[in-house]
Number of protein chains: 2
Amino acid sequence: MRRKVTLKDISKNMNVSVSTVSKALRDSPEISEKTKNEIQAYAKKYNYRPNNIALSLKNQKTNNIGVIVPEIVHHFFSSVINGVERVAGEHGYNVIVCLSGESFEKEVKNMQMLANGSIDGFIISLSKETQKKQSFDHLEDSISHGLPVVLVDRVADEVDCDKVIIDDEQGAYNAVNYLIKKGAKRVALITMPDYMSVGKLRTLGYKRALKDAGLKVDEAIILKLEDLDGGYDEIKHLIYSNEIDAILASTEFFAVTAMKIARGKGIKVPEELAVIGFTDGIISQCASPTLTTVSQHSQEIGSMATQMIIKRLEGKDDEPYRTEVIKTTLVHRESTL
Amino acid sequence: MRRKVTLKDISKNMNVSVSTVSKALRDSPEISEKTKNEIQAYAKKYNYRPNNIALSLKNQKTNNIGVIVPEIVHHFFSSVINGVERVAGEHGYNVIVCLSGESFEKEVKNMQMLANGSIDGFIISLSKETQKKQSFDHLEDSISHGLPVVLVDRVADEVDCDKVIIDDEQGAYNAVNYLIKKGAKRVALITMPDYMSVGKLRTLGYKRALKDAGLKVDEAIILKLEDLDGGYDEIKHLIYSNEIDAILASTEFFAVTAMKIARGKGIKVPEELAVIGFTDGIISQCASPTLTTVSQHSQEIGSMATQMIIKRLEGKDDEPYRTEVIKTTLVHRESTL
DNA sequence: CTGAAAGCGCTTACAG
DNA sequence: CTGAAAGCGCTTACAG
C-alpha cells in the first residue's frame with residue numbers, strides 16, 4: 001500500500017522546500033516558471049492531491065455541510081437531501097447526513113458531534129420531540145458559536161436563523177378550496193399534532209378554507225396523528241363514524257391508508273370520497289387510484305436551503321435572516337374529480 | 001460570537017502548558033489529581049470539546065465513512081443508508097453521503113473528493129454507468145491507497161474487496177417457484193439489463209426455477225429495462241401481447257406499473273395475474289392490491305456493510321476479503337394467491 | 001509532576 | 001526566486 005503523497009514527499013524528492021512546492025502547486029507568481037513546471041509535472045505524475053483535513057485545519061473551513069433530518073426512508077426528506085447534495089456538490093461542499101430518528105437527544109448529540117470542527121454549517125429539520133419540548137438551546141449555541149443554521153420545513157419561530165418552509169397554510173387552503181369547488185361539503189383533515197409547525201399551519205389553512213366557503217368547522221372530523229405512518233385504526237374510525245365526502249391528508253401515507261379503508265367499506269374514490277395528500281412522492285403515483293397531492297417541491301427546499309447556508313458561509317454573514325417560502329402546487333390525479 | 005475554546009485558551013487562562021491541559025483532560029496518570037481536577041472543571045465550565053479536524057490530522061483517522069450510492073429517493077438505498085447511519089453512529093462514526101446519480105463520472109469525482117483525507121473508508125453501490133463500462137480503477141486505487149471499500153448490492157466480481165449482497169439468484173428462484181406452485185404456467189420477468197449484477201443474477205434464478213419445474217424459458221416474456229422507474233410502454237406491450245399468468249418484477253415500481261396496466265386491461269390481480277416485486281418498501285404496502293415482495297432487508301445490508309468497514313478500519317486489515325450474503329424473504333400480500 | 005519540542009499536512013507573511 | 005518560521009489544534013515521547 002502506497003501512502004498518499006504529501007508536499008513533504010515532493011519537496012524531498014525534488015530537493016526544494018515545502019513552501020516552494022506549495023506555492024508552485026498554487027501557481028504563485030513568486031516561483032519561477034521553470035520550477036513551477038517541474039513541480040507541477042511531478043505532482044501530476046504522482047497524482048498529488050492536497051489533504052482536505054490539513055486544509056480544513058489551516059483554513060478553519062471544512063467545506064462540509066451537516067444535515068440533520070428526522071428520517072430518510074420517506075420521500076420528503078430523501079428528496080430534500082437530494083436537493084442539498086446537488087447544490088452542495090456544485091459548490092465543492094460535501095454533505096454529512098445524520099438522522100435524529102425524531103429523537104431530541106439524538107438530534108442534540110449529532111449536532112455536538114459535528115459542531116466540533118467537522119462542518120461549517122447546519123441544515124436541520126427538527127425532530128418531533130424537539131418540537132414538542134420546544135427546546136432549542138442546541139440551535140442557539142451553534143449559531144452563537146459561528147456555525148450558521150438553516151432550518152427547513154419543521155422550523156421553530158423561536159429560533160432566529162435562516163429558514164426554508166413551504167406555504168403550508170396556503171397549500172392546505174388551496175387543496176380544501178379545490179375539494180369544495182368540486183362539490184365537497186364535509187371535508188375531513190388528517191394531519192400532525194399542533195406542536196409540529198407544519199401540522200398547525202395546515203390545520204389553519206384547512207379551517208380558513210372552510211370558513212371562506214361558509215362551511216362549519218367540525219372538530220370531530222379533524223384527526224391529529226402522532227405516528228407518521230400509522231394511524232390505521234383512527235382513520236378507520238374517522239371514515240366509519242362520520243359522513244364525509246372528502247379528505248385532506250398531511251402525508252401520502254395517511255391519504256393512501258384512507259383510500260384503502262374507503263375501498264374496504266365499498267366507498268368509491270373519487271366519486272363518493274375525494275382524497276388529497278401532501279408530499280408528491282412515488283407513493284402518490286403508485287397508488288390506485290393515483291393520488292392528487294399538494295406538491296412541496298422537496299428537492300427545491302433542499303437546494304434553496306443549501307444556497308442559503310453557502311451564501312452565509314461565503315458571503316456577508318451579517319445579513320438579516322431570511323425565511324424563504326417555497327410555493328406548493330396542487331398536482332391533479334385520479335383521487336379527485 | 002464566541003469562538004470555540006481551545007487547549008491554548010485553557011492553558012493561557014490557567015497558567016499551565018498546553019501539554020498539561022491535554023494530558024489532564026485525557027486523565028493521564030502523569031498529572032496530579034489536583035491539577036487534573038482544576039483543569040477538568042474549567043474545561044467543563046467553558047464547554048471545551050476537542051477539535052475533530054485537529055484530531056483527524058494528528059491521528060490520521062477521520063472517523064468518517066464515505067457512502068456513495070446511485071440515488072436516495074427510492075426505498076432501497078435510503079433504507080441501506082439508514083442501516084449505515086445507525087451502526088456508524090453507534091461506533092462514533094459520521095456518514096458522508098454522496099450521490100452518483102447513476103453516473104460513472106460523478107462516482108469517480110465523489111470518490112476523489114472524499115479520498116483526500118475526508119474519510120477512512122468507503123461503502124459504495126455502483127452506478128449503472130460504472131457497471132456498464134466495467135471500469136473499476138477508482139475502486140482499486142482507493143483500496144491500494146489504504147482506503148478500504150465495501151461494495152453493496154451492485155458489486156463487481158472484478159474488484160477484490162469486502163462485499164454485501166443479497167441472494168438475488170435464490171430470491172428470484174424462490175419467488176418464481178412460489179408462483180409456479182400456486183399454479184402459474186407462464187411467468188414473465190421484468191428486470192434490469194445483464195450488465196447490472198443484480199439483473200443478471202435474478203434472471204438466472206428465474207430461469208433455473210422454470211427449468212426445475214419443467215417449464216420452458218420464453219425470452220419473449222423476459223423484459224429488461226434500463227430506466228428503473230420507467231418502462232410503462234414496454235410493460236404494457238408485454239402484458240398486451242402475451243399470454244401470461246404471473247410476473248416477477250425486479251423493483252416495486254415495475255410491479256406496481258404492471259398491476260396498474262393489468263387492471264386497465266380488465267385483468268384481475270391476483271386471480272388472473274399474480275405479481276411479485278423486489279424491495280419491500282412503502283410502495284408495496286401502499287399499492288392496491290398490496291404487493292407480495294422479495295424483501296431484501298436493505299437496512300441490514302447497510303448495517304452489515306458498516307460493521308465490515310469498521311472491522312477493517314479498527315481491526316486487522318490483513319484478513320481475507322469476505323462477501324456476506326443477506327438472505328431474502330418472501331413477504332406474502334394480496335398480489336399473489 | 002510539568003513543560004518544551006516535534007509532528008500530523010498544509011499555507012503564508014517574512015527574510016534573504 | 002527560494003526557504004525558514006510560525007501557526008491551525010491537537011498528542012505524545014522525552015527532558016527536567
Side-chain angles (χ1 to χ4, degrees), chain A residues 2-40 42-43 46-64 114-120 145-147, chain B residues 2-40 42-43 46-64 114-120 145-147:
Chain A
R2 329 150 249 166
R3 275 227 55 75
K4 293 222 67 171
V5 34
T6 67
L7 291 188
K8 207 180 184 181
D9 299 331
I10 302 183
S11 89
K12 265 188 200 150
N13 284 313
M14 301 197 63
N15 288 312
V16 288
S17 74
V18 169
S19 356
T20 302
V21 178
S22 173
K23 286 173 193 161
L25 292 178
R26 322 197 87 231
D27 212 22
S28 156
E30 280 187 71
I31 309 294
S32 73
E33 285 304 319
K34 181 162 167 293
T35 330
K36 276 202 271 194
N37 290 147
E38 286 169 7
I39 294 180
Q40 284 169 5
Y42 185 97
Y46 289 97
N47 200 27
Y48 169 78
R49 302 261 178 248
N51 179 306
N52 285 337
I53 296 291
L55 286 177
S56 297
L57 186 59
K58 181 70 193 167
N59 302 334
Q60 302 286 75
K61 177 126 177 20
T62 63
N63 274 271
N64 289 157
L114 297 184
N116 300 325
S118 299
I119 52 113
D120 297 330
H145 278 288
L147 284 180
Chain B
R2 330 151 248 167
R3 275 225 56 73
K4 294 218 67 169
V5 36
T6 66
L7 291 188
K8 207 180 183 180
D9 299 332
I10 302 183
S11 91
K12 267 189 198 147
N13 285 313
M14 301 197 63
N15 288 313
V16 287
S17 76
V18 171
S19 357
T20 303
V21 179
S22 174
K23 287 173 191 159
L25 292 179
R26 322 196 88 232
D27 211 22
S28 157
E30 280 187 73
I31 308 295
S32 73
E33 284 303 320
K34 179 162 170 294
T35 328
K36 277 203 272 194
N37 289 150
E38 286 168 9
I39 294 180
Q40 285 169 6
Y42 186 96
Y46 290 97
N47 200 26
Y48 170 79
R49 304 263 176 245
N51 179 306
N52 285 336
I53 296 291
L55 286 177
S56 297
L57 187 59
K58 181 72 192 166
N59 302 336
Q60 302 287 75
K61 178 129 178 10
T62 64
N63 275 274
N64 290 155
L114 297 184
N116 301 324
S118 300
I119 52 114
D120 298 330
H145 280 288
L147 284 180

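Letters A, B, ... mirror the listed sequences (proteins, then strands); counts begin at 1. Because the structure is predicted, anything quoted here is derived from the model rather than measured.
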For atom [atom1] of [X] and atom [atom2] of [N], their distance in whole Å:
X	N	atom1	atom2	value
Leu25(B)	dG9(D)	CG	P	16 Å
Glu33(A)	dT2(D)	CD	P	11 Å
Asp27(A)	dC1(D)	CG	C1'	15 Å
Lys36(B)	dG3(C)	NZ	C1'	17 Å
Asp9(B)	dC8(D)	CG	C1'	13 Å
Asn52(B)	dC8(C)	CG	C1'	15 Å

Quantified in whole Å, what is the C1' atom distance between nucleotide dA4(D) and nucleotide dA6(C)?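 Their C1' atoms lie roughly 16 Å apart.
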dC8(C) to dT2(D) separation - C1' atoms, rounded to the nearest Å: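 My reading of the C1' atoms in dC8(C) and dT2(D) gives 25 Å.
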Is [Y] close to [X] at the side-chain level, that is, under 4.5 Å between some pair of heavy atoms?
X	Y	answer
Val21(B)	Val16(B)	yes
Leu25(B)	Leu7(B)	yes
Lys4(A)	Thr6(A)	no
Thr20(B)	Ile31(B)	yes

Between the protein and nucleotides 10-14 of chain D, list the N/O to N/O atom pairs that are separated by less than 3.5 angstrom.
| residue | atom | partner | partner atom | Å |
| --- | --- | --- | --- | --- |
| dC10(D) | OP1 | Tyr48(B) | OH | 2.7 |
| dC10(D) | OP1 | Asn51(B) | N | 3.0 |
| dC10(D) | OP2 | Leu7(B) | N | 2.7 |
| dT11(D) | OP1 | Arg26(B) | NE | 3.1 |
| dT11(D) | OP2 | Ser22(B) | OG | 2.6 |
| dT11(D) | O2 | Lys58(B) | NZ | 3.1 |
| dT12(D) | OP2 | Arg26(B) | NH1 | 3.2 |
| dA13(D) | N6 | Lys23(B) | NZ | 3.1 |

So Thr35(A), base contact, sugar-phosphate only, or nothing? Heavy-atom distance under 4.0 Å.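 Sugar-phosphate contact only - Thr35(A) comes under 4.0 Å of backbone atoms but never of a base.
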Between [atom1] on residue [X] and [atom2] on residue [Y], distance to nearest 0.5 Å:
X	Y	atom1	atom2	answer
Asn13(A)	Tyr42(A)	CG	OH	3.5 Å
Thr62(A)	Asn52(B)	OG1	CG	10.5 Å
Asn51(B)	Leu57(A)	CG	CG	6.5 Å
Gln40(A)	Asn37(A)	CD	CG	6.0 Å

Tell me which of Leu57(A) and Ser32(A) sits closer to the 5' end of DNA chain D, going by the nucleotide each one is nearest to.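 Its nucleotide being nearer the 5' end, the pick is Ser32(A).
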Phosphate OP1/OP2 of [N]: any [X] side-chain N/O under 4.0 Å:
X	N	answer
Ser56(A)	dC8(D)	no
Gln60(A)	dG9(D)	yes
Ser17(A)	dG3(D)	yes

Earlier contact from the 5' end, DNA chain C, for Ile53(A) and Pro29(B):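 Its nearest nucleotide being more 5', the pick is Pro29(B).
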Taking Watson-Crick and G-U wobble pairs with both distances under 3.5 Å, convert DNA chain D into its dot-bracket string, 5' to 3', dots for unpaired and | for cross-strand pairs. |||.||||||||.|||
Heavy atoms from other residues, nucleotides or ligands near NZ of Lys61(B) exceed 12 (cutoff 6.0 Å):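 Enclosed: over 12 neighbouring heavy atoms sit under 6.0 Å from NZ of Lys61(B).
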